[in-house]
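Working notes for the structure below.
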Amino acid sequence: MSREQKTRDAVEAFQAVLGLALRLRNQMDERLRPDGLTTQQAALLTAVERLDGPSLSQAAAYLGSSHQNVAQLVASLERKGMLATHPDPADRRRRVLRATAANADYWRARDPADHAAVADWFSVLSDDELGTFRALTVRLLRAQYDRAKPHTPDHGTAHAADPT
């Protein structure tokens with residue numbers, strides 16, 4: 001494959017992934033809207049659980065979002081009783097994010113229907129195609145995440161949890 005063709009394919013793949021991501025986000029926003037939630041808020045809650053008590057900065061880095069945007073999401077989720085901030089036992093100046101029991105109860109009640117909807121959105125793919133698609137998108141996401149890791153002059157690479 002020529003370099004020009006590879007570039008064209010990469011641009012078309014980017015456009016397709018971006019279009020798909022926006023469409024899927026809109027579909028999930030529609031599912032969550034009746035409960036006053038957004039896909040971004042759900043992503044933050046997932047990050048908080050996956051990172052097991054991250055700081056706001058760690059959650060922002062994980063999501064590839066700004067500190068300010070995540071702070072707004074945190075405030076909204078605290079008002080809804082789904083997220084709480086606590087002093088970090090290792091550094092009392094820092095606050096950590098924790099999902100609440102109300103959050104766990106909420107998702108436990110709705111996950112089966114949401115998971116079924118997501119499976120339906122991907123039903124156009126065969127089992128093998130879905131497995132390949134998942135593997136390729138995870139690989140691309142990890143590569144993007146690795147590129148975004150901050151590098152410090154004397155301390156190597158700052159590490160956070162894998163986003164996948």
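Just so it is clear, the values below take in all heavy atoms, side chains as well, and ignore hydrogens, waters and symmetry mates.
In summary, of the residues considered (Arg94, Arg95, Arg93), a salt bridge (charged side-chain N to carboxylate O under 4.0 Å, His left out) with Asp91 occurs for Arg93 alone. Applying the side-chain contact (heavy atoms from CB on, under 4.5 Å) test between Tyr62 and each of Leu51, Val48, Val70 identifies Leu51 as the sole match.
Counting heavy atoms of neighbouring residues, nucleotides and ligands inside a 6.0 Å radius, atom CZ of Arg23 does not exceed 12 of them. Within 6.0 Å of the CZ atom in Phe122, the count of heavy atoms belonging to other residues, nucleotides or ligands exceeds 12. Atom CG of Asn26 sits in a crowded spot, with more than 12 heavy atoms from other residues, nucleotides or ligands closer than 6.0 Å.
Side-chain contact annotation: Asp9 with Gln5, donor-acceptor N/O pair under 3.5 Å present.
In plain terms, the two heavy atoms of Asp105 and Arg108 that are nearest each other are OD1-NH2, 2.7 Å. Considering every non-hydrogen atom in both Ala102 and Gly81, the closest pair reads CB-O, 3.6 Å. The nearest pair of heavy atoms linking His67 to Ser57 is CD2-OG, 3.4 Å. Of all non-hydrogen atoms in Arg31 and Trp121, the two that sit nearest each other are CD-CZ2, 3.8 Å.
Hydrophobic cluster membership is shared by Leu24 and Leu125, with clusters built from Ile, Leu, Val, Met, Phe, Trp and Tyr side chains linked at under 4.5 angstrom. Under the 4.5 Å side-chain heavy-atom criterion for grouping Ile, Leu, Val, Met, Phe, Trp and Tyr, Leu45 is connected to Leu32 within one hydrophobic cluster. Linking Ile, Leu, Val, Met, Phe, Trp and Tyr residues whenever their side-chain heavy atoms come within less than 4.5 Å leaves Leu63 and Val96 in two separate clusters.
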